[in-house]
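Chain naming here is simple, since letters A, B, ... match the order of the sequence lines and numbering starts at 1 in each. Just so you know, these numbers use all the heavy atoms, side chains as well, and skip hydrogens, waters and symmetry mates. Note that this is a predicted model, so its numbers are computed, not measured.
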Amino acid sequence: MNLNEILSQEGLVTQTPNVDEVVRRASGVQRPLKVFYGETYDSHGNTIDSMKYYFVVANIGRALKDFGFEVDPVVLVADVAACRNVDRKLERHYLALGEERADFVQKTSDVYGLSLRVLKMSDYLHTDEFQAELKRVSEICMADNQLMKMVERSVPESKIEIERKKKFAYSFDEITTIMDLDIKVGPPREDLYDGIARNIAEREGKNPLMSVFLNPTFPLGKDWAYFFAHEGIEGHGITAYKAGSKGLHKHRILVGRTTCEEARSLINSSFISINPELPNPVLDVAVISEMATKRLNNDDSPSSLYREFYTGKISQAELKERVAEELNKNILSKF
Amino acid sequence: MSEQEPNQKYREMSEVDYRLKCDLRVKEQKYYLGKIQDSGLKPMERFLAYCPNPSLNMKRGVTFAHMDLEGIAGAISEGKPWAVVSGLNPSGPLHFGHKVIFDELLWMQQQGADVFIPLTNDESYVVGKSKSLAESRRIAYDDVIPSIIAMGFDSNKTKIFVDSDYADIYNVAMDLSKYVTLNKVFKVFGLDKEDDEIDRNPGTLFYRAAVQVAQILLPQYPEFGGPKPTIVPVGIDQHPYILLARDMAEKKGFIPPSELVMKFLFGMDGKGKMSASRPGSAVFLTDSPEKAEKTIKASYTGGVTLRDFQIAHGGIPEICPVGCLREWHFENDRHVSERCSSGKLLCGDDKRETIEMVKNYLRDHQEKREEARKRIDKFILKTPIRSIFEE
């Protein structure tokens, strides 16, 4: 799969830089190109939806290597960030969960040959270098009304007061972390952070990061009435990497926890529609399972699932059957 | 006079007529859009996108807005109890304008709803639509109820009551009346204390504030299983009742009722909605097929005088009583509108085809009506409401 095919995959990627832009950047930097995905987690387990991002980071990395560029594909486990909003007594537990998540990323990388570098936030957050950069970035933002408005917008409304009291520490850690990246893969919501990082980089005459946004994640085992009642879900979905997002951990496939039977039941009871404008949680899992299958089979061809489904070549029942089988064989049984 | 002159005259008339009807269509669309915005309602597009089997009225755009349909959708998908309430004034027999609403109720019953149909003969009397309670009661049992039953409702899930015969509704009204203030009633209905109507007939206030709301909230009383999602399909003019009922439901600990708003079927005279009070505007379900034919033949249409002009420009099906009568009751899709607006279906042909459909329907319906008379008792609500007397 070449870079163009990866970045234009229907049903997977929603926004990307164009290939020429990426190649120009890769040719211009004097170090390995940084391709990055960062995530937090919760206590409910590791979601299959995170794997979507791992696969895409790895696929972009491989395609750029095929172009002849050096690449550093990184998955960050933001353990310190995950601890920020939990009770102090739970901090140790959450840091341990961070280790577990990092192990999960590493195992995924090993099983599917993704060659990812796994990094934890706690590995670098307290270094002098990062702290100095954090101070610099915070000062730039606080001195500029427009940037501070963007920082405020990056915080969910329900958490704005808490974050104000904490002087937006979460946001500044995030922005500082992504400042010198080349390609950042994430959900569309992260444009709020990416935009700030780009804005600062442009002011300083540096290369702004390029964002690759993947399709939002949707809960499984929910029918049409759930999606009808949740206005706006089409655009933002639920948080891919947090199993307990919106209290829906029972409606997620948790690698290492969800059994094959449970996964099949979730898939069979999921909303599915032939309207491509509507959420399609089944197709999303199908795409992830297919990426896993292709990796295991050393098959580098692009996916045709989206087209086959929406042109009616695969029926809803066939898609559900196919995804349940591939998921079991090539993901759940490996963990 | 040259041969072309009359043709020119008809062309000019057709052009003027066409422009007027185009304007009317825009006005119509703006009216309903404005109502959605002004009343805090939501359009149906989202429901249509997600619901696997929406009603034909929803697909046709006849049911055009809602409030809180989300709770009803949840009840449908989870198979939980829910109810729909929609009634009418029994001041005359049912016409096709009424049938639109009953079609929607039937769809809801098929989705699991318990259907409550209050026949407000007390209102007919209070507001002067009927000469006496006895007359409106007779119309309810002789004309209205048989027609409703003949439409195919399931007696196990349908509860019809004539207000004056179901005195418990007044106890429910009394129970609810403590949750409403006079100021609230004036505000919701946009009334003025100096209003002539209030001065002339203050009884309408109790009716609007308590009896109407009692009908809407009745399904949530313990006798019917307690609080449950309830929906009321209405014309947009009924919106204030829903607002009042929602307010009172919250105070009573019930679930605020949802609302489904439907467009009015055009009167055949082209002068507003189909109404029993305007002779020539309605095709009644009790009309003989010959009378219905006469009414439709004389109907206003969305077309113009000159045949060639209509072939070239098409008709305006959105404001055509014949087109709407046909499409809202006898078609599964919009192909009639499409044929009309593309100039492929002319008014004469449309009327002829519609007349046949209406006549066939009336023959069948009237046969079923006679049979339905024998089953009226199975549909009549008799459940006493005792819970309000518990200490």
Q | Pairwise distance NE2(His230(A)) to OH(Tyr50(B)) - rounded to 0.5 angstrom | A |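 Result: 11.0 Å between the selected atoms.
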Q | Region of Ile76(B) that comes under 4.5 Å of a non-hydrogen atom in chain A | A | side chain
Q) Side chain, backbone, both or neither: which part of Phe271(A) has a non-hydrogen atom closer than 4.5 Å to chain B? A)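 Side chain of Phe271(A) only, per the 4.5 Å heavy-atom cut-off to chain B.
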Q: Side chain from CB out, backbone as N, CA, C, O: work out which of these in Glu231(A) comes under 4.5 Å of a heavy atom of chain B, or both, or neither.
A: both
Non-hydrogen atoms of [X] and [Y] that approach each other most closely:
X         : Y         : result
Arg46(B)  : Phe227(A) : NH2-O, 2.6 Å
Ala49(B)  : Leu278(A) : O-CD1, 3.3 Å
Ala225(A) : Ala73(B)  : CB-O, 3.4 Å

Would you say [atom1] of [X] has more than 12 non-hydrogen atoms from neighbouring residues, nucleotides or ligands within 6.0 angstrom?
X         : atom1 : result
Lys252(B) : NZ    : yes
Lys246(A) : NZ    : no
Lys149(A) : NZ    : no
Arg164(A) : CZ    : yes
Lys228(B) : NZ    : yes
Ile274(A) : CD1   : no

Q: Report the relative orientation of the aromatic rings in Phe47(B) and Trp224(A); use parallel for angles under 30°, tilted for 30 to 60°, perpendicular for over 60°.
A: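 Taking Trp224(A) first and then Phe47(B), their aromatic rings stand perpendicular (interplane angle over 60°).
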